[in-house]
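Both ligands and their constituent atoms are indexed starting at 1 by order of listing.
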Amino acid sequence: MEKLKLLALSGSLRKASYNTAAIQALKILAPEHIEITIGDIETLPLFNPDREDEDLPSLRVLKKSLGDAAGLIIATPEYAHGISGPLKNALDWLVSGVEFPDKPIMLVNTSPRANHAQEALREVLSTMSGVVIEKACVSIPLLSTDFSCNEIVEDRIMADTLKVSLSEFCKAIKAQKLRD
Ligand SMILES: Cc1cc2nc3c(=O)[nH]c(=O)nc-3n(C[C@H](O)[C@H](O)[C@H](O)COP(=O)(O)O)c2cc1C
């Protein structure tokens, strides 16, 4: 069976990030026919429209992974009621590309109190013509747990929640493919 490729981005650059741990856990929990690539947004320069025609290796790799992916998974922290700077920076680099529009998107929220960033992110993603798959969006209460990726995988409730959401995401992607 051909693998369904997904790209996952974490909006946090922190080593012990809950958001990064959540997408690492998703990668481990994914069934064999789903291949999750974790993208790097840390090495992108600060967005500058004057540089959009430059060949930036980090942007080239990100665009290639996004172009190859049937869907995008995003997990981001909220900072001062906003989207994380690194994630917004990456999205700004992707605004004018051909890879983003109509891409199905799954959102992973690791802090159920972080509503402002999730709302702002949804607004940005819809402006960029991304398609947030509501049934696949998931909230898992990782804040203050000290959980790493392995502990998420071993926690039955969290692992099952992530697996169900991923399955909904894949169903929606397949349904969209059939419609196209
Ligand atoms: C500078 C700063 C500002 C923050 N602002 C908010 C906020 O407005 N709302 C919120 O729910 N959490 C806020 N937090 C908490 C982070 O979202 C939380 O620590 C989260 O786990 C960070 O994500 P990470 O674990 O993936 O690095 C803030 C944290 C920092 C360091």
*Asks:* At a heavy-atom distance under 4.0 Å, which protein residues reach ligand 1? Sort them by chain and number, would you?
*Replies:*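 Its neighbours under 4.0 Å (heavy atoms only) are Ser12, Arg14, Ser17, Tyr18, Asn19, Pro77, Glu78, Tyr79, Ala80, His81, Arg113, Ala114, Leu143, given by chain and number.
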*Asks:* Rounded at 0.5 Å granularity, tell me how far NZ in Lys103 sits from CD1 in Ile133.
*Replies:*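 Here the rounded value is 12.0 Å.
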*Asks:* Cation-pi check, Arg14 to Tyr18: give yes when NZ or CZ is under 6.0 Å from the six-membered ring centre and within 45° of the ring axis, no otherwise.
*Replies:*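 Verdict for Tyr18: a cation-pi partner in Arg14.
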*Asks:* Going by distance alone, is a donor N or O of one side chain under 3.5 Å from an acceptor N or O of the other, for Glu168 and Ser165?
*Replies:*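 Absent: no donor and acceptor within the cut-off.
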*Asks:* Is it true that Arg122 and Glu134 make a salt bridge, defined as a side-chain N closer than 4.0 Å to a carboxylate O?
*Replies:*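 Yes, Arg122 and Glu134 are salt-bridged.
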*Asks:* Can you tell if the side chain of Val95 reaches within under 4.5 Å of the side chain of Leu91, non-hydrogen atoms only?
*Replies:*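 Side-chain contact under 4.5 Å: no.
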*Asks:* Taking ring pair (Phe, Tyr, Trp, His ring centres under 6.0 Å) as the definition, give me every residue that meets it alongside Tyr79, ordered by chain and number, with sequence neighbours left out.
*Replies:*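 With neighbours one apart ignored, the set is empty.
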